[in-house]
Amino acid sequence: MQRAFEELGSIVGPDHLAVGEMIEERYWHDESLTVAPSRPMALVRPADTDELVELVRWAERRQVPLVVRGAGTGLAGGAVCRPTEVCVSTERLSGVDDVDTVSRVAVVRAGTSLAELDHVLADHGLRYTVSPGENAASIGGTVATNAGGMRAVRFGTTRQNVLGATVVTGGGRVLTLGGSLYKRSSGYDLLQLVIGSEGTLGIVERAILRLAPRAEEAVFVAHAPTMRGALGAVQALQSIEPPPSVIEYLEPSALEAMAHFAGVTLGLPGWALADGAILVVAVERVDADDVARAVELAGAVLEGAGADGVWVLGKTEGRAVLRAREAALWTVRALGARDIVDVVVPPARLGDYFDAVAAVASTYGVRLAATGHVGDGNVHLSVFADDVASARRVVEEVVAEGVRRGGAVSGEHGIGVAKLEEFRTHASATELRIDAGIKRLFDPAGIFAPGRLGSPTHGGD
Ligand SMILES: Cc1cc2nc3c(=O)[nH]c(=O)nc-3n(C[C@H](O)[C@H](O)[C@H](O)COP(=O)(O)OP(=O)(O)OC[C@H]3O[C@@H](n4cnc5c(N)ncnc54)[C@H](O)[C@@H]3O)c2cc1C
């Protein structure tokens, strides 16, 4: 292997290659609760498209798998390498190449973090509306997982906000997909195939992103006596035009734990945290004067829909509550959650789904704490169980209950390796065969993250 590593070093430069014990521990894992850390065979940090092309050719010649890594904030183990795989870190593929304020698009290299992008866009009065809970995430990682987040209910997920991408795929071919275009009816949409493909079809080198104006925001917390009452209020909120940009559902105890963990004082009366259901809602308008009117309207709609308490938060508290919600992962991890389910169901089936989840929890004697981007049907269940085996059984059951109601295994975290079994269980054989065929077209040598999505080992040809 020594010769192969020397070749790698000559592609990316010796300073950007690490092998064996030289690979820092942070490259061994992502933030998944269930995927064990594993040290890659080697780590490379390419700097540009030419180096990516050479890397792919090297991997095909040497028959060594490549697993791309952005910031490693993923929740499905997608960036975790096996000891036989080379980790391709995108950290040097960083920077915002262009901000076009007329077309309202930005051309951004894959390793750029959401935080860095936002910093650049602020100078132009613009923003990128995709905001998964972790702004260290890279643009490439968000494209590869089709990341969602709290604001997807209003602005859509990554799919609706990426207009183009440059992708290095099998054979070192460089695909330029889409463009600074808001519409396109010109053949198969390969860009949409690449979005959400989790590094199994190629390496995203850059993306063209749709931008929006920055806006003023107000945040409030509402309480409803029951879960179904809260879901009714969510429906009512979505009839407002434009609708709220955040509609989050939490069990009161979950809100209390998150606020406590984040050091946020909510100032809510004790009864509101005792039982029932909580909604965290944000409204935003470009014109600050319109925000107060939007808050008034949303408050009236909530009360009309049966909310028995609505508290408008100050700017600082509002931001802190949204941050605490985004950081919920760290709270539930500290409290000992064994897994986080990311099912999405049709919004009309949410009440029914929550009832089914409660029944599963009671059957197995486990605690399933619900939070969720409930406006778009995406439910996150933190699984607290005595042991790994019972957590596993419960996850299988609640995922199956979601799929039975027309839902999907993952709403936004992706499949990675953590959810591969569930994905295989609930996909049809035809779907898996087509997936495998698509992967072969992009990646005939099978070097991009084999054994994950599109791989014959998970049920394709
Ligand atoms: C506290 C916290 C809260 C979160 N909240 C949310 C949330 O609300 N919504 C949400 O959607 N996600 C959420 N996430 C998950 C996470 O932030 C996203 O999955 C993110 O999109 C991954 O980006 P990354 O750069 O960290 O990717 P990584 O974890 O490095 O990789 C993720 C996957 O993408 C692939 N990949 C990475 N870069 C590329 C590339 N350039 N080309 C091809 N493939 C690539 C990897 O191989 C892997 O399969 C949260 C994570 C944390 C830690």
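Counting starts at 1 for both ligands and their atoms, in listed order.
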_Does atom CD (E396) have a neighbourhood of more than 12 heavy atoms from anything else shown, all under 6.0 Å?_
yes
Side-chain polar contacts of residues 340-349 - donor-acceptor pairs under 3.5 angstrom, sequence neighbours left out - could you list them?
from : atom 1 : to   : atom 2 : distance (Å)
D342 : OD1    : N378 : ND2    : 3.1
D342 : OD1    : H380 : NE2    : 3.0
D342 : OD2    : S410 : OG     : 2.6
D342 : OD2    : G411 : N      : 3.1
D342 : OD2    : E412 : N      : 2.9
D342 : OD2    : H413 : N      : 2.8
R349 : NH2    : D352 : OD2    : 3.0

*Under 4.5 Å between any side-chain heavy atoms of F442 and V194, yes or no?*
yes
_I'd like to know if the side chain of S89 and the backbone of V44 have a donor-acceptor N/O pair within less than 3.5 Å._
no
*asked:* Between R159 and N146 (side chain of the first, backbone of the second, donor and acceptor by atom type, cut-off under 3.5 Å), is there such a pair?
replied: no
*Centres of the F354 and Y249 rings: under 6.0 Å?*
yes
*asked:* Heavy-atom contacts with ligand 1 below 4.0 Å: which residues, ordered by chain and residue number?
replied: E31, V68, R69, G70, A71, G72, T73, G74, L75, G78, A79, T90, A110, P132, G133, E134, A137, S138, G140, G141, T142, A144, T145, A147, G148, G149, E198, G199, G202, I203, V204, E326, L329, W330, H373, E412, H413
